[in-house]
Amino acid sequence: MTASAPPPVRIGVVGAGFMGRQHIDFVRASAGAALAAIADPAVTLADAECPTYPSTARMLDAEQLDAVIIANPNALHVETAVECLEAGLAVLLEKPVAVSYAQSRRLVDAVERLNGRLLVGHHRRHHPAVARARAAIGGGELGQIVAVSALWSARKEPEYFTDTPWHSEPGAGVTLINAVHDLDLLRHLCGEVAEVQAMQSSHARGLEVEDTISLSLRFESGVLGSLLASDAGVSPWGWDQATEETPAFPFLPDEVAYRVVGTRAALSIPNLARYGYDPSVPADWHSPLSRTYLPVAPRGSFPAQLDHFLDVARGTTAPLVSADDASRTLALVEAAALAARTGRTVDVRRFRTGARADDDESPDHPAAAGPDDGA
Ligand SMILES: NC(=O)c1ccc[n+]([C@@H]2O[C@H](COP(=O)([O-])OP(=O)(O)OC[C@H]3O[C@@H](n4cnc5c(N)ncnc54)[C@H](O)[C@@H]3O)[C@@H](O)[C@H]2O)c1
């Protein structure tokens, strides 16, 4: 560190389970951050090598912190984040931002009311391949975007559900735990979703929460998309297997999570393989396709996310994923659930504006258009 480097941001971690421990490792590895404390009722001082507290309130009382990383169970996200924002701390909040869209709006309001600094942990947005893909899509390198397809499937071990009861309770499920990342990234790459149709199934695991979903999406830009996700099916296809983000997953180089097709070229992500015609041949489906890889400097999303969070905490940059942005992803998750329950097409904008409260439980929700509704 140079003499002019700012002092390390003092970070408390709330929830030191599977994800919280990874955050702890990233904080420890960062020159710009210092791990100051941990709040988790299940973690003891001996485990942690730093002060530990049984609750967020006790940690906030005892420690002078600059920021917190919240990785506790989803149902606690909003109350914990508001508690820390009210204490004047910057917050990195794990996804999903809340367990319901209505609840997430309370956090959005709190961020606004308190002028809070809050980043939501949709870490994939920080991956260099995502930034490059977004530039290719937005900059017209693929021509006009026609469609996008996303796939995430991996078979979780039975203990994932038996050892951690909240993993099989409402507020979990493959959509909120895993596909929420894909939906967030699809929004980041292709813009807002206008309409969603969905099917979901609990057939493979027989749990209360869904294990498999299939979504059809129409984006406001006119792009069509699909997302298939399952936590019951073995596959190499998905962000976690296609990147070296976490050692907890096998890494299969050159596997693909997203495919984007445009009128001039196609792009797979995260390997950034671009398929297009040579300029010397006619641009039609009978011409040979060439494959080139868009170059990017390799960097993991989590260290990049932490560096960005340190800037958010210092007040030098706005969060790449705000509470409002993540709330919109959550609205899309709920709109998809409504579409699955009703078998109808759901208008996502109407869902957002009209379904802040309890309406979404009704099969006659105004955002769910039946075949005769002309919507
Ligand atoms: N970004 C990602 O890729 C990613 C991956 C996995 C999990 N997550 C998210 O991280 C969060 C945690 O997931 P996990 O898999 O680590 O779960 P986990 O069950 O392994 O860990 C949760 C931890 O929170 C602790 N906890 C419970 N109540 C608490 C309280 N009141 N105060 C403080 N700590 C409390 C538990 O003791 C546990 O150690 C979830 O929101 C999840 O969606 C994100």
Side-chain angles (χ1 to χ4, degrees), residues 12-26 37-44 47-48 51-61 63 68-84 91-100 103-104 107 119-127 130 152 154 156-157 159-185 209 229 231 238-249 257 270 300-306 308-309 320-321 326 329-330 333:
V13 172
V14 179
F18 170 75
M19 195 64 230
R21 284 176 190 274
Q22 292 182 61
H23 283 297
I24 287 167
D25 289 343
F26 292 122
I38 293 171
D40 187 319
V43 171
T44 64
D47 293 320
T52 62
Y53 299 91
S55 70
T56 308
R58 295 272 293 275
M59 179 177 79
L60 298 185
D61 279 349
E63 297 286 339
V68 289
I69 297 175
I70 300 174
N72 56 10
N74 298 346
L76 302 174
H77 281 185
V78 170
E79 68 182 70
T80 311
V82 171
E83 185 180 4
C84 294
V91 174
L92 168 53
L93 176 61
E94 261 306 341
K95 47 49 64 174
V97 62
V99 290
S100 73
Q103 198 190 51
S104 74
L107 181 61
L119 172 71
V120 181
H122 284 297
H123 61 90
R124 295 180 195 177
R125 287 200 196 190
H126 300 270
H127 197 281
V130 169
W152 185 93
K156 293 176 182 169
E157 70 283 11
E159 294 76 19
Y160 178 88
F161 300 96
T162 53
D163 291 357
T164 309
W166 72 266
H167 283 164
S168 52
E169 293 166 1
V174 71
T175 318
L176 258 181
I177 289 188
N178 306 104
V180 67
H181 280 302
D182 299 296
L183 289 171
D184 182 72
L185 209 61
V209 292
D231 65 27
W239 178 270
D240 298 302
Q241 304 93 313
T243 61
E244 289 178 283
E245 301 280 48
T246 46
F249 294 100
S301 312
F302 286 108
Q305 175 179 259
L306 179 58
H308 174 69
F309 178 56
L320 178 64
V321 193
T329 293
L330 201 51
V333 167

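Start at 1 and go down the list; that is how both ligands and their atoms are numbered. Quick caveat, the model's predicted, so the values are computed rather than measured.
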**OP:** List every atom of ligand 1 that sits less than 4.0 Å from any heavy atom of Ala42, numbering the atoms from 1 in the order shown and giving each element.
**Re:** 37 (O)
Original post:
Is the side chain of Asp40 donor-acceptor paired with the backbone N or O of Ala16 at a distance under 3.5 Å, no angle test?
Top reply: yes
Original post:
If you measure every N/O of Thr164 against every N/O of ligand 1, is any gap under 3.5 Å?
Top reply: no
Original post:
Are Arg124 and Asp184 close enough for a salt bridge, meaning some N to O gap below 4.0 Å?
Top reply: no
**OP:** Please report the shortest heavy-atom distance between Val180 and Val333, naming the atom on each side.
**Re:** CG2-CG2, 4.0 Å
Original post:
Considering distance alone, does some N or O of Phe18 sit under 3.5 Å from an N or O of ligand 1?
Top reply: yes
**OP:** Tell me which protein heavy atom sits closest to atom 2 (C) of ligand 1, plus the residue, atom name and distance to 0.1 Å.
**Re:** His181 NE2, 3.5 Å
Subject >> Nearest-option assignment for atom 42 (C) of ligand 1, heavy atoms, candidates Glu94, Met19, Lys95 >> reply: Lys95
Subject >> Proximal atoms of ligand 1 relative to His123 (non-hydrogen, under 4.0 Å) >> reply: 1 (N), 2 (C), 3 (O)
Original post:
Using 30° and 60° as the class limits, which term best fits the ring planes of His181 and His122: parallel, tilted or perpendicular?
Top reply: perpendicular
**OP:** Return yes if some donor-acceptor pair links the side-chain N/O of His77 with the main-chain N/O of Glu94 below 3.5 Å, else return no.
**Re:** yes
Subject >> Shortest protein contact, atom 40 (C) of ligand 1 (heavy atom only) >> reply: Asn74 OD1, 3.1 Å
Original post:
Of all the atoms in ligand 1, which lie at a distance below 4.0 Å from a heavy atom belonging to Pro73?
Top reply: 24 (O), 26 (N), 27 (C), 28 (N)
Original post:
Where on Leu76 is there a heavy atom closer than 4.0 Å to ligand 1, on the side chain, on the backbone, on both, or on neither?
Top reply: side chain
Subject >> His77 to ligand 1, any heavy atom closer than 4.0 Å >> reply: yes
Original post:
Can you find a pair of side-chain heavy atoms, one from Phe309 and one from Ile69, that are under 4.5 Å apart?
Top reply: yes
Subject >> side-chain contact (heavy atoms from CB on, under 4.5 Å) evaluation trace for Lys156 with Asn178 >> reply: CA-CA 11 Å; Lys156 293 176 182 169; Asn178 306 104; 2.7 Å; yes
Original post:
Do Trp152 and Asp240 come within less than 4.5 Å of each other through their side chains, counting heavy atoms only?
Top reply: yes
Subject >> Trp166 neighbourhood, listing ligand 1 atoms whose heavy-atom distance to it stays under 4.0 Å >> reply: 13 (O), 17 (O), 19 (O), 40 (C)
**OP:** Check whether any heavy atom of Pro96 sits under 4.0 Å from an atom of ligand 1.
**Re:** yes
Subject >> Contact with ligand 1 for Glu245, non-hydrogen, under 4.0 angstrom >> reply: no
Original post:
For the residue pair Ala304 and His126, what are the closest heavy atoms and their distance?
Top reply: CB-O, 3.7 Å
**OP:** Indicate the atoms forming the closest heavy-atom contact of Cys84 with Thr56, along with that distance.
**Re:** SG-CG2, 3.8 Å
**OP:** May I ask you to identify the nearest protein heavy atom to atom 11 (C) of ligand 1, giving residue, atom name and distance to one decimal place in Å?
**Re:** Asn72 O, 3.5 Å
**OP:** Would you mind finding which of Ser55, Gly15, Pro41 brings a heavy atom closest to atom 32 (N) of ligand 1?
**Re:** Pro41
Original post:
Parallel under 30°, tilted from 30 to 60°, perpendicular over 60°: which one fits the rings of Phe161 and His167?
Top reply: perpendicular
Original post:
Based purely on interatomic distance, does Thr56 place a nitrogen or oxygen under 3.5 Å from a nitrogen or oxygen of ligand 1?
Top reply: no
Original post:
Who's the nearest protein heavy-atom neighbour of atom 21 (O) of ligand 1, and how far?
Top reply: Gly17 CA, 3.3 Å
Original post:
Do His127 and Trp239 have ring centres separated by under 6.0 Å?
Top reply: yes
Subject >> Among Asp40, Ile38, Val43, Ile70, closest by any non-hydrogen atom to atom 23 (C) of ligand 1 >> reply: Asp40
**OP:** For Ala71, take its heavy atoms, then give the atoms of ligand 1 lying under 4.0 Å from any of them.
**Re:** 11 (C), 12 (C), 22 (C)
Original post:
Among all protein non-hydrogen atoms, which one is nearest to atom 33 (C) of ligand 1, and what is the separation to 0.1 Å?
Top reply: Ala39 O, 3.4 Å
Subject >> Intermediate values then yes/no, side-chain contact (heavy atoms from CB on, under 4.5 Å), Val99 and Glu169 >> reply: CA-CA 11 Å; Val99 290; Glu169 293 166 1; over 6 Å; no
**OP:** Using a strict 4.0 Å cut-off to heavy atoms of Val14, name the atoms of ligand 1 that fall inside it.
**Re:** 33 (C)
